[in-house]
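Reviewing the structure listed below.
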Amino acid sequence: MQDYLSGLNEQQREAVLHVNGPLMIVAGAGSGKTKVLTTRIAHLMANGVDAFNILALTFTNKAAAEMKERIQRILNNSEARNLYIGTFHSVFAKILRAEAHRIGYPNNFTIYDTDDSRSVIKAVINELQMDDKHYKPNIVHNRISAAKNALVGPTEYALDYHLQQEDARANRPAIAQIYAAYAHKCFKNGAMDFDDLLLKMFELLSTQPAALAKYQSKFKYIMIDEYQDTNTVQYQITKLLAAMHENICVVGDDAQSIYSFRGATIENILQFQKDYDDVKVVKLEQNYRSTQSILKVANEVINNNKGQIPKELWTDNKPGDKIKVVRTMTDNEEGKFVADSIKEQQLRNHYANKDFAILYRTNAQSRAYEESLRKMGIAYKIYGGVSFYQRKEVKDMIAYLRIIVNQQDEEALKRIINYPVRGIGKTSIEKLIVVANEQNITMFEAVTRAAEFGFKGGTLEALQNFATMIKYFNTLLNDKNAYDVAVQVGKHTNLVKELFGDKTPEGLARYENVQELLNSIKEWTETPDNFEDGEVGNKGLGAFLQNVSLFTDSDKDKENEDVVKLMTIHAAKGLEFGCVFVGGIEETLFPSAMSINTREELEEERRLFYVAITRAKDRLWLTYANARYRFGQLVQNEPSRFLEEMPEEFLDKTYAGGGARNQGMSNMGTAFERMNRGFGGGSSGQTDLRYGVPPAKKPDNARPSYLQPAAISKPAVTAVHMPSENFVASDTSGLEAGMRVEHQKFGFGTVAKVEGSAHNPIANINFDNNGEKKIMLNYAKLRIL
DNA sequence: ACATTGAGGATTTTT
DNA sequence: TCCTCAATGT
């Protein structure tokens with residue numbers, strides 16, 4: 001075992017060594033939080049605590065896997081695999097898989113993801129004869145989800161005066177009714193949605209004393225990461241679980257709370273000290289990640305929020321470059337600037353692709369970056385967006401697996417009963433649903449007893465064949481693992497064959513996706529699990545499905561792929577990158593137009609901005625566009641108010657694209673004008689004139705100037721030049737052929753020509769003593785004589 | 001029963 | 001702009 005304490009600073013060590021009693025760790029961005037958590041768990045285990053008695057709740061599965069691995073490395077054994085470590089959702093799903101029968105659910109319950117939930121809600125709305133144009137499923141779902149996260153059940157919802165007023169005011173008075181019907185339908189389907197995983201866990205603990213006692217005594221030590229992002233249910237559950245031993249350690253940073261839309265309440269972390277007696281508080285304030293400039297800017301920004309837990313992040317790291325604040329004309333030029341800058345940084349500072357991240361507020365912004373990166377031939381990967389498991393073909397396959405395991409699952413049944421096409425049309429399906437409701441049986445039972453309900457001829461035959469097939473698959477569950485069953489399903493249903501037959505590029509991709517799903521099932525089947533309490537490494541289909549609904553794309557991320565990463569700021573939480581670009585720092589986008597109505601909303605946007613800034617280790621770019629396409633239309637945006645909250649002395653403000661060069665202050669208009677339109681000018685017609693020159697379009701296949709050999713190979717300096725005493729770098733935006741200039745190293749010379757892209761101009765200069773050189777104007781210091 | 005076409009709506013963030 | 005849903009035709 002390593003000497004795991006030696007690499008810790010004083011506060012970190014304090015947090016690791018305080019193992020008994022409640023502990024709150026306030027961990028600033030980049031302060032070594034994960035290190036403390038993993039070391040603390042390792043320390044517990046090294047001192048005889050059984051891994052089975054430790055519960056660690058993280059924000060993502062990836063974080064959990066990483067922690068497990070680090071603990072394993074510290075302890076140098078495989079005990080860590082016995083830890084209960086994972087997201088709230090996955091840990092509770094696992095527990096519920098053993099306990100669900102206690103609260104009336106089948107243990108092999110299905111987990112509905114967001115799409116499934118919406119689809120069920122839509123069906124419920126239609127069955128209630130309501131209009132799904134007015135009761136939009138996602139609005140209704142958000143409302144129900146918020147209620148569940150606040151521990152408000154359908155009955156309480158219907159009786160709550162304020163909620164009813166709100167719904168009435170929004171002209172959606174029937175939400176309570178839909179909520180009740182939805183909850184009932186999920187129950188009937190033997191299914192839980194994401195929120196139910198928390199809600200039903202709470203129900204289990206609060207209504208089943210035996211279950212409560214079991215898990216209270218089991219989890220002697222509890223750790224919760226990202227505590228600032230927990231919601232009411234999560235809070236109540238952990239309170240119940242920790243009540244017996246009170247060895248609860250929460251880690252969080254109120255400045256990074258960015259999930260209130262999911263019901264998270266910052267109160268949980270602010271209140272922690274009042275919830276338990278003798279809470280030990282440790283603050284981790286030394287940042288090991290970012291340069292001083294980045295940290296200064298971040299601190300300054302977050303100080304605009306009220307009611308923070310007082311703390312001051314500091315660092316021993318080098319000062320670092322100023323933060324580049326770059327304005328472009330359009331979102332496309334923003335994308336181009338970012339791609340150009342990445343290439344440039346790679347050549348100048350030898351960064352690899354994986355050192356870069358492009359972060360944005362909304363997923364829709366990714367397209368412009370994608371296009372530019374593709375044009376430049378830079379490898380990239382987008383995180384988030386439509387996940388692998390949300391693709392139609394993947395969901396179809398999984399729907400088969402779901403109905404095989406749980407025949408109550410009507411949602412899965414509806415999805416595949418006629419896919420691939422087997423002659424069971426819309427009319428028949430509707431009839432089945434009506435029959436099922438009338439007879440109070442499941443839809444699948446209606447299928448198996450189709451003859452009793454007046455189905456005839458081809459339709460009856462199709463239904464019977466379908467039922468026989470599903471029942472056959474079901475018999476396989478007893479002695480076959482998940483992979484073998486899945487392969488059988490692929491064969492017998494013609495699902496794989498059908499996709500294979502489609503030779504269009506999209507069809508090919510779909511086929512590959514299904515193959516990839518099969519591969520991942522195989523991989524899962526072959527990976528050993530933790531063996532515990534009779535739950536002996538179950539590799540059946542049921543166990544697989546429990547896992548799959550909670551997978552996200554970032555979980556299967558190959559850490560070492562050398563690609564530029566694109567993701568939303570939310571998805572970037574907890575990650576760090578050498579170079580970070582944050583795009584779209586504009587009013588209505590960031591802060592989002594939806595979040596400027598209350599102080600709380602605005603402060604959350606600011607925290608989000610803070611999270612974005614603090615992802616960067618070395619270099620940070622903040623970009624914004626004058627105008628961007630939205631629904632196919634070009635709309636103007638003001639620069640974000642957040643830009644004005646940053647201290648000028650750490651900023652390097654430039655323009656890019658649109659034919660404009662780096663502009664000195666002299667061209668920026670009067671102080672009054674600047675103050676009244678924010679930095680860089682807003683949308684006034686006058687400003688636009690300055691950019692009226694069409695950008696010098698070069699053909700797409702043109703080699704970027706900095707790829708030309710002369711720009712890469714380092715020219716040998718033949719004659720050293722001592723700069724003149726009055727050497728001051730000039731604004732080179734107006735540099736033209738024929739001008740006389742002085743360079744710090746190469747001395748005096750004459751400009752032969754100016755070339756290169758608009759925001760990365762390169763001058764060819766004939767130096768008197770050093771011959772012709774290509775000089776990048778954005779970086780070289782030149783004095784115009 | 002199924003494919004094609006056209007209109008209309010969508011963008012906040014996620015387990 | 002692009003995607004989804006509903007109506008229409010075969």
Side-chain angles (χ1 to χ4, degrees), chain A residues 57-64 86-93 111-119 122 126 132-133 136-139 141-142 145 148-149 192-199 201 226 229-231 233-234 257-264 331-332 359-368 371 383-387 389-390 392 418-429 458-459 462 547-555 567-574 584 588-596 601 604-605 607-609 611-612 628-635:
Chain A
L57 297 168
T58 63
F59 200 68
T60 63
N61 291 309
K62 195 180 153 200
T87 61
F88 278 89
H89 295 264
S90 61
V91 169
F92 296 166
I111 298 174
Y112 283 161
D113 67 18
T114 308
D115 288 343
D116 298 323
S117 300
R118 295 215 174 126
S119 160
K122 193 176 174 192
N126 291 330
D132 63 30
K133 287 271 155 52
K136 289 185 188 149
N138 58 347
I139 291 180
H141 180 234
N142 286 342
S145 176
K148 286 185 174 180
N149 284 316
M192 297 192 195
D193 66 15
F194 281 156
D195 304 314
D196 285 334
L197 292 176
L198 309 176
L199 193 64
M201 181 70 190
E226 309 281 12
D229 285 323
T230 52
N231 59 33
V233 211
Q234 292 169 324
S257 166
I258 56 174
Y259 279 95
S260 72
F261 67 91
R262 211 166 83 189
D331 48 353
N332 289 328
L359 309 181
Y360 35 78
R361 178 69 242 264
T362 65
N363 280 307
Q365 287 166 255
S366 66
R367 186 181 305 154
E371 262 168 37
Y383 291 78
V386 181
S387 117
Y389 296 100
Q390 285 176 338
K392 185 188 175 302
N418 198 34
Y419 178 81
V421 181
R422 53 173 68 87
I424 304 172
K426 209 171 157 188
T427 337
S428 312
I429 294 173
T459 310
N547 279 280
V548 81
S549 357
L550 299 168
F551 278 166
T552 60
D553 276 2
S554 62
D555 296 331
M567 63 186 91
T568 62
I569 299 164
H570 282 89
K573 195 167 87 150
T588 75
L589 192 60
F590 197 8
S592 156
M594 333 279 282
S595 308
I596 49 173
E601 286 173 345
E604 175 144 328
E605 293 286 304
R607 290 193 293 269
L608 193 57
F609 188 50
V611 168
R628 68 176 59 237
Y629 281 93
R630 215 175 186 205
F631 304 141
Q633 238 163 11
L634 200 62
V635 294

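Just so we're on the same page: letters track the sequence lines, and every chain starts at 1.
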(request) Please report, rounded to the nearest Å, how far the C1' atom of dA1(B) is from the CG atom of N418(A). (result) 9 Å
(message) Of the options dT15(B), dT14(B), dT11(B), whose atoms approach the side-chain atoms of F194(A) most closely?
(response) dT15(B)
(request) Give a yes/no answer on whether the side chain of T114(A) brings an N or O atom under 4.0 Å of OP1 or OP2 in dT15(B). (result) no
(request) Please work out if F590(A) contacts a base, only the sugar-phosphate, or nothing of the nucleic acid, heavy-atom cut-off 4.0 Å. (result) nothing
(request) Taking only the side-chain heavy atoms of F631(A) (C-beta and beyond), determine which of dT12(B), dT1(C), dT14(B) contains the nearest atom. (result) dT1(C)
(message) Roughly how many Å apart are dT11(B) and dA6(C), using the C1' atom of each and rounding to a whole number?
(response) 23 Å
(request) Choose from dT15(B), dT1(C), dT12(B) the nucleotide whose nearest atom is closest to any side-chain atom of E605(A). (result) dT12(B)
(request) Would you kindly give the NZ-to-P distance between K62(A) and dT15(B), to the nearest whole Å? (result) 12 Å
(message) Check for me: is F261(A) stacked on dT13(B) by the 5.5 Å centroid and 30° plane-angle rule?
(response) yes
(message) Using a 3.5 Å distance criterion without hydrogens, assess whether the side chain of N61(A) forms a donor-acceptor pair with backbone atoms of G86(A).
(response) no
(request) Tell me what D195(A) touches on the nucleic acid: a base, only sugar-phosphate, or nothing, going by heavy atoms under 4.0 Å. (result) nothing
(request) Check whether any side-chain nitrogen or oxygen of N363(A) sits under 4.0 Å from OP1 or OP2 of dT13(B), and answer yes or no. (result) yes
(message) Nearest to the R367(A) side chain among dT12(B), dT1(C), dT13(B), which nucleotide is it?
(response) dT1(C)
(message) Say we look at dT4(C) and dT13(B): how far apart would their P atoms be, to the nearest angstrom?
(response) 15 Å
(request) Go through dT15(B), dA1(B), dT12(B) for me and flag the one nearest to the S595(A) side chain. (result) dT12(B)
(message) Without decimals, in angstroms, what is the distance between R262(A) CZ and dT14(B) C1'?
(response) 5 Å
(message) By nearest atom, which of the nucleotides dT13(B), dT11(B), dT15(B) is closest to the A364(A) side chain?
(response) dT11(B)
(request) Establish, yes or no, whether the cationic atom of K573(A) lies under 6.0 Å from the six-membered ring centre of Y259(A) and within 45° of the ring axis. (result) no
(message) Tell me whether Y629(A) at atom OH has more than 12 heavy atoms from other residues, nucleotides or ligands lying less than 6.0 Å away.
(response) no
(request) For the residue pair F609(A) and E604(A), establish whether any side-chain heavy-atom pair is separated by less than 4.5 Å. (result) no
(request) Remember a base hit wins even if backbone is also touched, and classify S90(A) as base, sugar-phosphate or nothing at under 4.0 Å, heavy atoms. (result) nothing
(message) Measure NZ/K392(A) against P/dT4(C) and give the value in whole Å, please.
(response) 11 Å
(request) Quickly work out the Y360(A) OH to dT12(B) P distance and round it to whole Å. (result) 16 Å
(request) Measure from CG on D115(A) to C1' on dT15(B) and round the result to the nearest Å. (result) 13 Å
(message) Quick check: on DNA chain B, is the nucleotide nearest Y259(A) upstream (toward 5') of the one nearest R422(A), or the reverse? Name the residue that is more 5'.
(response) R422(A)
(request) Identify whether the distance between the nearest side-chain nitrogen and carboxylate oxygen of R367(A) and D331(A) falls below 4.0 Å. (result) no
(request) Would you please say whether a donor-acceptor pair under 3.5 Å links the side chains of S549(A) and D113(A)? (result) no
(request) Would you mind classifying the nucleic acid contact of K136(A) as base, sugar-phosphate or nothing, using non-hydrogen atoms under 4.0 angstrom? (result) sugar-phosphate
(request) Give the nucleotide from the list dA6(C), dT14(B), dT11(B) with an atom nearest to the side chain of N138(A). (result) dT11(B)
(request) Would you tell me if any nitrogen or oxygen in the side chain of N149(A) comes within less than 4.0 Å of OP1 or OP2 on dT15(B)? (result) no
(request) With DNA chain B as reference, determine whether F59(A) or G632(A) sits nearer its 5' end, using the nearest nucleotide of each. (result) G632(A)
(request) Check every atom of dA1(B), dT15(B), dT13(B) against the side chain of T427(A) and return the nucleotide holding the closest atom. (result) dA1(B)
(request) Starting from P on dA7(B), measure out to NZ on K133(A) and report it in whole angstrom. (result) 15 Å
(message) Could you check whether any side-chain heavy atom of L550(A) comes within less than 4.5 Å of a side-chain heavy atom of L197(A), counting everything from C-beta outward?
(response) yes
(message) I need the OH-P distance between Y419(A) and dA3(B), as an integer number of Å.
(response) 11 Å
